[in-house]
Amino acid sequence: MTSATTILAQNVCRNYGSYVAVCNINLELKRGEVLGLLGPNGAGKSTTMRMLTGNLAPSAGSIEVCGIDLLSNPQEAKMHLGFLPEIPPLYQDMTVDEYLVFAARLHRIDTYEIGQKLDGIKQRCGLEDRSRHLIGTLSKGFQQRVGIAQAIIHSPDVIILDEPTVGLDPNQIREIRKLIRELGNSSSVILSTHILSEVESICDRVQIMCKGSVVFDQAITELKQQETNLEMIFTQLTQGLIKRDED
Amino acid sequence: MIGTIIRKELKMFFTSPLAWILLTLLQLILTWIFLGRLDGFLEIQSQLLQIANPPGVTEIITLPVFAMAAIVLLMVTPLLSMRLIAEERRYHTLTLLMSAPISITDIVIGKFLGLMVFFSMAIILIVGLSISLLLGGDLDFGLIISNTIGLLLTAASFSAFGLYISSLTAQPAIAAIATLGGLLGLWLVDLVTGENNQWLQAISLLRHFERFNQGLIDTFSIAYFVLFIATFLILTIRHLDGERLRG
């Protein structure tokens, strides 16, 4: 809780056989910062996120979470991490309460604290009246909320969300964005998305990835000062790269 | 942390009707055999009295029940073990476990022990069946204890094997069929080997169980079971860890 830098990734690479999925990613995030990760499909966003959460080992490079090395001390480092993958990891035949209690136990929350945390998190994610519903019967939007609840139940220092607003209706998207903004006040958040306006409205910083490397990294305030259009930059950078490759 | 996984596994077993149906079927089949043997025993009881050193109730009634139980467990294990890891992978919930501060070893051991708790319940029912014979006569408790230990070790070996197969695929049905095939193969090895084929006899699971069935607690058999279980648990852990490393 002391260090200002919550997540630090240096020269992280990942190959699948001879295919290079991610190459030399450098990433530094401070407490209270929300980072938006943009990029066309297959740019390596999900691979990067899976590496940052210890689901995938990098081929090279180092990752530190709150000053703890993720590779040599995975369990301690993961205590500070919350992760919502692209497909929410939900057990369809558990109720919302059962699932969240399991997630809380997995993240080593003390038994006497669980009840209180559970109420807090359900209120935050708007799940109060769904406690006893089976997850399998919930709509996509509510399932997404349960997924987010699972990622933040242990109040982690780093929250990593892979396309958190996919499949939600406009109202829900607004609520989730508000929630992410709130989370960004106390923790660091990394989120990937395809919606450029989302990044402009909730992120402090934006990184654009293409073909496994970061091609653009700037604070949103700077962007606004320069009055440049994120969409233009995105198209230029990513399409330019892909075209050049094809030639 | 292992406790959290065991609890979750048991909850998943008993919220689905599968576990209840299997327990019922198991008990039904074994009680049928038990009653059949009891009938047979009552018929030949008068003739037995004329033999100098007649076999007791335990040998005539209980031993075949335990021998049959081993075969029934062989059939039941694939149905229970198939979903342990394959289903987690299929519904992407493995990510939840992998991003939590829990080691892969804890996950695998927890799942294995969860299955073993279930099997212990089934075995307690079988032992209860045998002990009910106390109503009509004396029992050889040494024989029952050796059979119980043998059945537990056999069930544990089946489980470890099933767990490993389940970790190889994302399709529970494939895991079930492969496990059944593998276990049947191990059983057949026992059926086809002649007395002089020492090597094949040594690797047959049921040949080792037979020793326990006859009341012989053999250190070679115990060592074989323990090695068998440890090998497949370690293979499972290594396989899951390899996935993290290789993707």
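Residue numbers start from 1 in every chain, and the chains themselves are labelled A, B, ... in the order their sequence lines are given, proteins ahead of strands.
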Worksheet entry | Portion of A/Leu106 that has a non-hydrogen atom of chain B nearer than 4.5 angstrom | both
Worksheet entry | Residue pair B/Ile102 / A/Gln75: nearest heavy atoms and the distance that separates them | CA-OE1, 4.0 Å
Practice prompt. State the CG-OG distance between A/Leu81 and B/Ser99, to the nearest 0.5 angstrom.
Written response: 8.5 Å
Worksheet, complete the sentence: CG of A/Asp93 to OH of B/Tyr91, rounded to nearest 0.5 Å, is 8.5 Å
Item to complete: Quick one: which of A/Glu86, A/His154, A/His107 has the most heavy-atom pairs under 4.5 Å with chain B, could you say?
Response: A/His107
Practice prompt. For residues A/Met79 and B/Pro101, report the shortest heavy-atom separation together with the two atoms involved.
Written response: CG-CB, 3.7 Å
Worksheet item: Hey, what do you get for CD (A/Glu98) to NZ (B/Lys11), rounding to the nearest 0.5 Å?
Response: 4.5 Å
Worksheet item: Looking at A/Pro89, A/Pro85, A/Pro88, which hits side-chain contact (heavy atoms from CB on, under 4.5 Å) with B/Leu96?
Response: A/Pro89
Worksheet, complete the sentence: Ranking B/Asp241, B/Leu94, B/Leu97, B/Ile5 by heavy-atom pairs under 4.5 Å to chain A gives rank one to B/Leu97
Worksheet item: Can you list the steps and then say if B/Lys8 with A/Met94 is a side-chain contact (heavy atoms from CB on, under 4.5 Å)?
Response: CA-CA 10 Å; B/Lys8 180 223 137 208; A/Met94 278 192 186; 3.5 Å; yes
Worksheet item: If you draw a 6.0 Å radius around CZ in A/Arg177, do more than 12 non-hydrogen atoms from other residues or ligands fall strictly inside?
Response: yes
Fill in: Under 4.5 Å from any heavy atom of chain A - which part of B/Glu87
neither
Discussion item. Need one label for A/Glu76: side chain, backbone, both or neither, based on atoms under 4.5 Å from any heavy atom in chain B.
Written reply: neither
Fill in: Side chain, backbone, both or neither of A/Tyr91 within contact of chain B (heavy atoms, under 4.5 Å)
both
Worksheet item: Among A/Leu84, A/Thr53, A/Asn55, which one satisfies side-chain contact (heavy atoms from CB on, under 4.5 Å) with B/Thr95?
Response: A/Asn55
